[in-house]
Novice: 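Sending over a structure as structure tokens; questions will come in a sec.
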Amino acid sequence: MIGIFGGTFDPIHYGHLRAALEVKEIFNLTQVRLIPSAQPPHRVQPIASAAMRLHLLKLGISDQPSFVADDRELKRAGRSYMIDTLHSLRQDFPTQSLLLFMGSDAFNTLATWYCWQDLFTYAHIVVLTRPGFVSQTLDDFFMARLTTESQELKEQQAGRLFFQSVTQLDISASAIRQLIAAGKDPGFLLPDKVLTTIKQNKLYQ
Ligand code: ATP
């Protein structure tokens, strides 16, 4: 089973890394692919360049051999639609279960994503929740795909919806950027190697 984390990673921080590590262990994933988006369709555009975000991501995951910095969205022209990314991953991994992870905030906007229903053709969707989280009411489309049996994610390659609670650290890339812009120290919110490179390149000031 392969895990997929999309995001802007502007920059990568311990919130991303802790969640990725927990799901790797919970689902016994062979690898977790972190995929920075070139032009995210749903949000303001990133501050750091694509090449720099990828570089910071690689520094952030360098101690975790099962984490992979996947640059396929950066190589693709135009907007970074998840459906194109999953289609391309499915070609690379034709026989593996693909688990697309997203926070509950992202899941709540899923119905606005381009070709969102087709995402389930290529992958399972695993929504990362806080302990005690209560989901919004799920419509028939989601109810038909919902499972509470993690074994089903292994037995089928795609098509299921699963909710998984993980430790969520209250860390965001935007808060880190704001701290830097205010001349404050975001130490211990992100790996030292990443922060050192941010400082050397005077990013987010
Ligand atoms: P920004 O603050 O710029 O919006 P962000 O910190 O939310 O950025 P993204 O790169 O947009 O980070 O998020 C990538 C993915 O990581 C998303 O699926 C998001 O839900 C998840 N994520 C972000 N922060 C955390 C966190 N603290 N804990 C768990 N997951 C997180």
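Just so it is clear, the values below take in all heavy atoms, side chains as well, and ignore hydrogens, waters and symmetry mates. Ligands are counted one by one from 1 in listed order, and the atoms in each one are counted from 1 as well.
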Novice: What are the atoms of ligand 1, with element, lying closer than 4.0 Å to any heavy atom of Phe9?
Specialist: 10 (O)
Novice: Between ligand 1 and Gln168, is the shortest N or O to N or O distance under 3.5 Å?
Specialist: no
Novice: Would you mind running through ligand 1 and noting each atom that sits below 4.0 Å from a heavy atom of Arg177?
Specialist: 3 (O)
Novice: Any chance the rings of Phe67 and Phe5 have centres within less than 6.0 Å?
Specialist: no
Novice: Tell me, which pairs form a ring pair (Phe, Tyr, Trp, His ring centres under 6.0 Å) where one or both residues lie in residues 181-205, sequence neighbours left out?
Specialist: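 Sorted pair list comes back empty.
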Novice: Are the ring centres of Phe107 and Trp116 closer than 6.0 Å?
Specialist: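 So the answer is no for these two rings.
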Novice: Which of these, Ser174, Gly103, Gly6, has its nearest heavy atom closest to atom 14 (C) of ligand 1?
Specialist: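 When every heavy atom of Ser174, Gly103, Gly6 is considered, Gly6 comes closest to atom 14 (C) of ligand 1.
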Novice: Identify, by atom number and element, the atoms of ligand 1 in contact range of Gly15, meaning under 4.0 Å from any of its heavy atoms.
Specialist: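 Close to Gly15: 26 (C), 27 (N), 28 (N), 29 (C).
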Novice: If we count only N and O atoms by modelled type, under 3.5 Å, do the side chains of Ser97 and Gln157 hold a donor and an acceptor together?
Specialist: no
Novice: Report the part of Leu169 (side chain from C-beta onward, or backbone N, CA, C, O) that has a heavy atom under 4.0 Å from ligand 1; answer both or neither where that applies.
Specialist: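 Just the backbone.
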Novice: Would you kindly specify which portion of His13 sits under 4.0 Å from ligand 1, judged on non-hydrogen atoms: side chain, backbone, both or neither?
Specialist: side chain
Novice: Among residues at least two apart in sequence or on other chains, which ones pass ring-ring contact (aromatic ring centres under 6.0 Å, His included) with His13?
Specialist: His16
